[in-house]
Amino acid sequence: MEFIFHTRLDDLNVCLAMVRASAGRKRASVFSLLAILACLAFLAVRAYDAVCNAQAFFEEETVNVFLLLLLFVIIRWGDLRRGRFAGLVAKKMYKEADRGRAQDVRFTEDEIYIMEPYIEKHMRYGALTRLTDSGGCYVLFTAPSVGFPLDKKSVSGGELAGFERLLQEKTGLTLERVGP
């Protein structure tokens, strides 16, 4: 059985799928949460100090800076959790993409063939390290931050369920569902 995908790399939905599937979003969310906790700890120590020494809490410049930093990080963390940050990054990728650039990916029984203008590569299924389903696209990773998208609408050669079974059988990996 053979599956072929034709994916336009200048499609906004493809860019959004790539961003959602990347591992960086989770790491950035954890970093934001740690920054929030650090700001809160600093402000708690300063508030305790101000109460013990009968000083004004908001007159100290560092307290105001940390309050603003806390507000900024909370807003950014909320954007990450709601996926707005992914949308911004995807729009930036979309603007920078070469117009009309596309790739064809053919999955045979033994290998994967990736064809772009001026580039042809082939790889074994064992090179894949992570399989994700990000809404309208699959994103297959060969390294933590190196992946290639497959537009589900462009599949030929069979049904998507059969393709998912083939990938999971050949790689031994489980297909992760990411994104909304």
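Small disclaimer: the values here were computed from a predicted structure and weren't measured. Just so you know, these numbers use all the heavy atoms, side chains as well, and skip hydrogens, waters and symmetry mates.
- A continuous path of ILVMFWY side-chain contacts below 4.5 Å connects Val105 to Leu160, so both sit in one hydrophobic cluster.
- Hydrophobic clustering (side-chain heavy atoms under 4.5 Å, transitive across Ile, Leu, Val, Met, Phe, Trp, Tyr) groups Leu40 together with Phe42.
- Residues Thr171 and Leu140 form no side-chain contact, since every pair of their non-hydrogen atoms from C-beta on lies 4.5 Å or further apart.
- Here the side chain of Thr132 pairs a donor or acceptor atom with the backbone of Val139 at under 3.5 angstrom.
- Hydrophobic cluster membership is shared by Met123 and Phe3, with clusters built from Ile, Leu, Val, Met, Phe, Trp and Tyr side chains linked at under 4.5 angstrom.
- Ion pair Glu164/Lys170 not flagged as a salt bridge, since none of the NZ, NE, NH1 or NH2 atoms sits closer than 4.0 Å to an Asp/Glu carboxylate oxygen.
- Here the CD atom belonging to Glu109 is positioned 7.0 Å from the OH atom belonging to Tyr125, to the nearest 0.5 angstrom.
- Using a 4.5 Å heavy-atom threshold, the side chains of Glu169 and Leu167 count as separate.
- Residues Asp151 and Cys137 approach most closely at CA-SG, 4.0 Å, considering heavy atoms.
- Considering only heavy atoms from C-beta on, Ile112 comes within 4.5 Å of Leu128 through its side chain.
- For the atom pair CZ (Phe5) and CG (Leu150), the distance works out to 5.0 Å, reported to the nearest 0.5 Å.
- The line from OG1 of Thr174 to CG of Leu131 is 8.0 Å long, rounded to the nearest 0.5 Å.
- In this structure, Ile4 and Val155 have side chains that are not in contact, with every pair of non-hydrogen atoms separated by 4.5 Å or more.
- In this structure the side chain of Asp133 reaches within 4.5 angstrom of the side chain of Lys152, judged on heavy atoms.
- With rounding to the nearest 0.5 angstrom, the CZ atom of Phe163 is 10.0 Å from the CD atom of Gln168.
- Atom CG of Leu173 is separated from atom OG1 of Thr129 by 7.5 Å, given to the nearest 0.5 angstrom.
- In this structure, the side chain of Gln103 engages the main chain of Pro149 through a donor-acceptor pair within 3.5 Å.
- Rounding to the nearest 0.5 Å places CD of Glu111 at 5.5 Å from NE2 of His122.
- Taking the six-membered ring for Trp, Phe107 and Tyr113 have ring centres at least 6.0 Å apart.
- The side-chain heavy atoms of Thr142 and Arg130, taken from C-beta on, include no pair separated by under 4.5 Å.
- Arg124 and Asp110 are not joined by a salt bridge, as no carboxylate oxygen comes within less than 4.0 angstrom of a charged side-chain nitrogen.
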